[in-house]
There are 2 protein chains.
Amino acid sequence: MLSASVKISLDHKSYLREPESTTLGRKIIAESIRLIDALGFEQFTFKKLAAEIGSTEASVYRYFENKHKLLVYLVSWYWAWLHYTVTFQLQNLPSPTDRLNRAIEVVARAGQADDPSVAHIDERILHRVIVAESSKVYHTKEVDSENKEGFFLELKRFCHYLALIVLEINPGYPYPHALISTTLEAAHQQLFFAQHLPSLTDVAAEQYTETVNFLKQMVFASIK
Amino acid sequence: MLSASVKISLDHKSYLREPESTTLGRKIIAESIRLIDALGFEQFTFKKLAAEIGSTEASVYRYFENKHKLLVYLVSWYWAWLHYTVTFQLQNLPSPTDRLNRAIEVVARAGQADDPSVAHIDERILHRVIVAESSKVYHTKEVDSENKEGFFLELKRFCHYLALIVLEINPGYPYPHALISTTLEAAHQQLFFAQHLPSLTDVAAEQYTETVNFLKQMVFASIK
DNA sequence: CCACAAATGATAGTAAAGCTATCAAAAAAG
DNA sequence: CTTTTTTGATAGCTTTACTATCATTTGTGG
């Protein structure tokens, strides 16, 4: 597949300085993804990140107030990227059922992304980070104020986009947003459980394929 | 309802010293629930907890290695308590469909618990803590080793217990554990979204009732 | 009720995390 | 080529997350 370089831009300022616009900023993003994946978010620090990219703590702090805001940035970027990818994959699919089926596939298989659409971001590693860490962005005491600042817009927009497809299939279904947000979370959870807590799931060997099947069955059974 | 005092006991050692067995231990549990609820897990520290209960940091560290293990203890206690409550509520319900319906109600309405079954633990506050913080217990780099130590047994056991009811209703349903783990997580998520990120859900005014209805519809549609 | 063990409190101290400030050097923009 | 912006280098401060020691209190078994 041919894909021109895509610029994903966000609607809010989880950052102090636009990281995409400088070499150092891009290094911060690229290396933070790798380092959070390697250490886990709790053990990840700006000091370690700075060492990794041959810069200093102070310089990293010029881009992000703290590591939480950096995670907000990464998670928002991920949802914007996934939204873009899904939109692209749904082109020329007129049937809403086909569209929802394809959307579920793309969402659940995001970890298999073969198509690096952005030069310095490794979407497969980012996906692992999202699976393990994304729920931490809103499970904080600051969730309401950060929500007002627009920090979760990308997820909310994507959820609404998919909810509208659900309503196209069945305008009378009463819980389109709840079903989609549950499905989006479950797509991550089931992969995480398959790897770490297998007795919480039934998907195992072919984890992507089985997650897709489970989610499709659940979603379509619910809305029909 | 008449309920004798119940002792919930756990199968693993997230603690160093059994907190239920001493006055200080029970104060640590009771006050940590209140403080985590008030400050959020990130801002919660053993120093603040010790100040709150008129003790010292060192004393708290004699009960729990660190605040993460304390959270593991609280979350495990919650699942064991909920399992007990559900088992109790399913007595004399022979029909698996009735049993599953009732189980979903109890799970989704755990935050309305009117029945303080354990003297020093406020289950309603604990429920808020669980909704906001519980996923942090396994989203760590230590998940595999802690899983081996049995830290997640209570959740896994409860999930399996409900999965067996699903299989009673439809022995051919292929994803009983995935469906139940998704439902358990969704029960928390939807309440959290209703309060903090309402555009990710459709449940609003009557959040408990609507969450119950959404989950029942999803579960029974999936397995029938 | 005494002796002894266990639990707690008081205090101190350490390493790392999570910042903020300052100033000089380098790079980029006009 | 000068001026603004960005980065690096260094320093320092507060808080968190512990660990250690010793005295005191509490609780228990004889």
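In what follows, every chain begins at residue 1, and chains take the letters A, B, ... in the order their sequences are listed. In this text, all values refer to a predicted model and were calculated from it rather than measured experimentally.
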A/Ser55 side-chain N/O to D/dT7 phosphate OP1/OP2 under 4.0 Å:
no
message: For D/dT16 and B/Lys48 - does any side-chain N or O of the residue sit under 4.0 Å from the phosphate oxygens OP1/OP2?
response: yes
DNA chain C nearest-nucleotide lookup for B/Thr23 and A/Glu65: closer to the 5′ end is B/Thr23
Establish, from distance only, whether the side-chain atoms of B/Gln190 and A/Thr182 form a donor-acceptor pair under 3.5 Å.
-> yes
Would you call A/Lys67 and B/Glu42 a salt bridge, taking side-chain N to carboxylate O under 4.0 Å as the test? no
Looking only at D/dT7, D/dA20, D/dA17, the nucleotide nearest the B/Tyr61 side chain is D/dA17
To the nearest angstrom, the NE2-C1' distance between B/His68 and D/dT16 comes to 17 Å
Regarding B/Glu133 and B/Arg128, does a basic nitrogen lie under 4.0 Å from an acidic carboxylate oxygen?
no
Outer limits of DNA chain C sitting under 4.0 Å from a non-hydrogen atom of chain A, read 5' to 3', are C/dA17 to C/dT22
Looking at every strand, decide which applies to B/Phe64 at a 4.0 Å heavy-atom threshold: base, sugar-phosphate, or nothing.
nothing
Original post:
Ion pair present between B/Lys27 and B/Glu31, side-chain N to carboxylate O less than 4.0 angstrom?
Top reply: no
- Query: If only side-chain N and O atoms of B/Lys47 are considered, is one of them under 4.0 Å from the OP1 or OP2 phosphate oxygen of D/dA17?
  - Reply: no
From the list A/Lys7, A/Lys13, A/Arg26, salt bridge (charged side-chain N to carboxylate O under 4.0 Å, His left out) with A/Glu18 holds only for A/Lys7
Q) Think A/Arg17 has a side-chain N or O under 4.0 angstrom from the OP1 or OP2 of D/dT6? A) yes
#### Entry: A/Lys141, NZ atom: more than 12 neighbouring heavy atoms under 6.0 Å
yes
